[in-house]
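Since the model is a prediction, treat every value here as computed from it, not as a measurement.
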Amino acid sequence: MSRFDLRQGRILIAEPFMLDPHFKKTVVALCDYTKDEGSAGFILNRPTNLRMDEVMNEFPDFDSVIHYGGPVANDTIHYIHRVGDLVEGSKEIIPGLYWGGDFNKLKFLIQNEVIKPFDIRFYIGYSGWSAGQLEEEMDIHSWVTDEIDINHPFLNDNAGLWQKCLYNKGDHFSVLADMADSVSLN
């Protein structure tokens, strides 16, 4: 285990002073973590104005926006869901929360209304770190970690998720959650 308790099923909460525009005030679900090989996850609180049925031919009509998963491979689609028992090939992140799986089966289940929008979240691109890179970012205090709540990926309060996660950490994190973006406004 990493000294920062980095592991699959954790969230990375961007520190309030993070300058990287891709990750400013974000919450990232860490879906895969291997210290020697790297890590991958998805930004939970960056919705786009796109829907799957608008960007992908032959996708069923489905009332679910795509989220920006991160700056890596923005030509790929990923998904986190609660229906791993129905979608073969899904990777369990934590009990009851899954990543990926058989895409054709997923489309079939959506078309037949077995999977509802509150069961799944789609992402364009992902957040990725090479071996040791995430640990380096932790050393310079870019992220705060916490347990993922199984509902985090499916919340519609995208703007408030970052602040809520910091509040849940308590102590000085709840004070940081209320800081204005500009230091001159504090």
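Proximity of Val55 to Ile124: side-chain heavy atoms (C-beta onward) are nowhere separated by under 4.5 Å. With a 4.5 Å cut-off on side-chain heavy atoms, Ile43 and Phe23 count as touching. By the 4.5 Å heavy-atom criterion applied to side chains, Arg121 and Leu44 are not counted as neighbours. You'll find the side chain of Thr26 stays beyond 4.5 Å of the side chain of Trp162, heavy atoms only. Leu106 has its side chain within reach of Tyr79: a pair of non-hydrogen atoms, C-beta onward, lies under 4.5 Å apart. Arg46 places none of its side-chain heavy atoms less than 4.5 Å from the side chain of Asn158. Annotation: side chain of Trp99 is not in contact with side chain of Pro153 (no heavy-atom distance under 4.5 Å). Looking at Val72 and Trp129, their side chains never come closer than 4.5 Å, going by heavy atoms from C-beta outward.
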Give the intermediate values and the outcome of side-chain contact (heavy atoms from CB on, under 4.5 Å) for residues Asp146 and Cys165. CA-CA 8 Å; Asp146 204 357; Cys165 289; 5.9 Å; no
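Rounding to the nearest 0.5 Å places NZ of Lys107 at 10.0 Å from CG of Asp102. From Ile77, atom CD1 reaches atom CD1 of Ile66 across 4.5 Å, with rounding to the nearest 0.5 Å. Note that the CD1 atom of Ile148 and the SG atom of Cys31 stand 6.5 Å from one another [nearest 0.5 Å]. Taking CD1 of Ile11 as the reference point, atom CG of Leu161 lies at 7.0 Å (rounded to 0.5 Å). The line from CZ of Arg51 to CG of Asp63 is 5.0 Å long, rounded to the nearest 0.5 Å. Note that the NZ atom of Lys91 and the CG atom of Leu97 stand 11.5 Å from one another [nearest 0.5 Å].
Two different hydrophobic clusters hold Ile80 and Leu50 under the rule that ILVMFWY side chains link at heavy-atom gaps under 4.5 Å. At a threshold of 4.5 Å between side-chain heavy atoms, the hydrophobic network of Ile, Leu, Val, Met, Phe, Trp and Tyr places Ile94 and Tyr98 in two separate groups. Under the 4.5 Å side-chain heavy-atom criterion for Ile, Leu, Val, Met, Phe, Trp and Tyr, Phe122 and Phe108 are members of the same hydrophobic cluster. Phe154 and Leu109 are members of different hydrophobic clusters when ILVMFWY side chains are connected at heavy-atom separations under 4.5 Å.
Asn49 CG: 12 or fewer foreign heavy atoms inside a 6.0 Å radius.
The six-membered or imidazole ring of Phe42 lies near that of His78, with a centre-to-centre distance under 6.0 Å.
Tyr68 and His22 have parallel rings, their planes meeting at less than 30° on a 0 to 90° scale where 60° marks the start of perpendicular.
The side-chain tip of Arg10 does not point at the ring of Tyr33 from less than 6.0 angstrom away and within 45° of straight on.
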